[in-house]
Amino acid sequence: IAFSDKYVKEKKAANREVFSAVDEKHHIALMSYLWNTGVFGPRQKEALEENDMEEFISEMRDAIHIQGNSSSGLSMRRAKEANMIGENLDDWTPIHKVVVSGTRASPTFEWQTESGEIVETYTSDRSLHSGNIPTKPNQTDTLDEEIIL
């Protein structure tokens with residue numbers, strides 16, 4: 001608990017402009033993001049400083065890389081964080097699943113609502129992590145995974 005409290009205080013101090021601009025109802029989702037990534041990207045920070053949460057959600061779609069590869073698990077985490085933010089926005093339809101398509105060498109991640117509407121899409125220029133979809137290990141394998149949130 002002491003570590004968590006210290007971490008939250010340090011991150012809020014380091015990102016003072018963000019946390020003062022963004023409604024407090026979004027702080028938990030932002031801390032979840034920071035806990036996992038450590039920092040906001042430049043365009044993310046700009047969106048947050050303008051309290052543009054829709055743009056921040058859009059900018060999170062590509063924060064899914066680990067060990068030089070893209071990760072379906074991190075895309076799922078970003079989609080869950082997007083839902084945490086979205087639940088406080090007008091007209092938000094929750095992301096229901098992450099669809100992973102394309103090839104292992106060039107995977108595409110779609111955040112979809114329950115009705116199949118695409119909220120965000122991102123095609124990575126980094127191969128899918130070897131721990132993701134182990135049944136399709138080759139770089140040319142066609143991907144077709146759905147991860148229900």
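Below, all heavy atoms of this structure are taken into account, side chains as well, without hydrogens, waters or symmetry copies.
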Leu89 atom CG, neighbour heavy-atom count above 12 within 6.0 Å: yes
His65 versus Ser124, side-chain donor and acceptor atoms under 3.5 Å: yes
Electrostatic pair Arg43-Glu46, nearest N-O below 4.0 angstrom: no
Criterion side-chain contact (heavy atoms from CB on, under 4.5 Å) against Glu120, the qualifying member of Arg78, Gln112, Met60, Arg61: Arg61
Glu114 CD to Ile95 CD1 distance, which is reported to the nearest 0.5 Å: 13.0 Å
Donor-acceptor pair, side chain of Asn15 and main chain of Lys11, under 3.5 angstrom: yes
Qualifying residue, where the test is side-chain contact (heavy atoms from CB on, under 4.5 Å) with Phe19 and the options are His26, Glu24, Met31: Met31
Nearest heavy-atom neighbours spanning Leu74 and Asn36: CD2-OD1, 3.5 Å
Residue pair Ser72 / Leu128: nearest heavy atoms and the distance that separates them: N-CD1, 4.0 Å
Residue pair Met84 / Glu87: nearest heavy atoms and the distance that separates them: O-CG, 3.2 Å
Any side-chain heavy-atom pair of Thr108 and Tyr122 under 4.5 Å: no
Under 3.5 Å: donor-acceptor pair, side chain of Ser20, backbone of Arg16: yes
Residues Asp141, Thr103; criterion side-chain contact (heavy atoms from CB on, under 4.5 Å); working and verdict: CA-CA 5 Å; Asp141 284 342; Thr103 64; over 6 Å; no
Pair Trp111, Ser75: side-chain N/O donor-acceptor within cut-off below 3.5 Å: yes
Residues Asp144 and Lys136 bridged, charged N to O under 4.0 Å: yes
Distance-only side-chain donor-acceptor flag, Ser101 / Glu110, under 3.5 Å: no
Backbone N/O of Thr113 and side chain of Thr93: donor-acceptor pair under 3.5 Å: no
Residue pair Arg104, Ile133: steps toward the side-chain contact (heavy atoms from CB on, under 4.5 Å) verdict: CA-CA 9 Å; Arg104 179 169 286 283; Ile133 316 176; 3.9 Å; yes
Taking every non-hydrogen atom, the tightest pair across Tyr33 and Val39: CE2-O, 3.5 Å
Contact summary for Val100 and Pro107, nearest pair of heavy atoms: CG1-CB, 4.4 Å
Steps toward side-chain contact (heavy atoms from CB on, under 4.5 Å) verdict (Leu149, Lys97): CA-CA 5 Å; Leu149 302 187; Lys97 65 183 172 182; 5.6 Å; no
side-chain contact (heavy atoms from CB on, under 4.5 Å) between Val22 and Leu30, intermediate numbers included: CA-CA 10 Å; Val22 172; Leu30 297 180; 3.8 Å; yes
Which atom of Ala47 lies closest to which atom of Glu55, heavy atoms considered: CB-CG, 3.7 Å
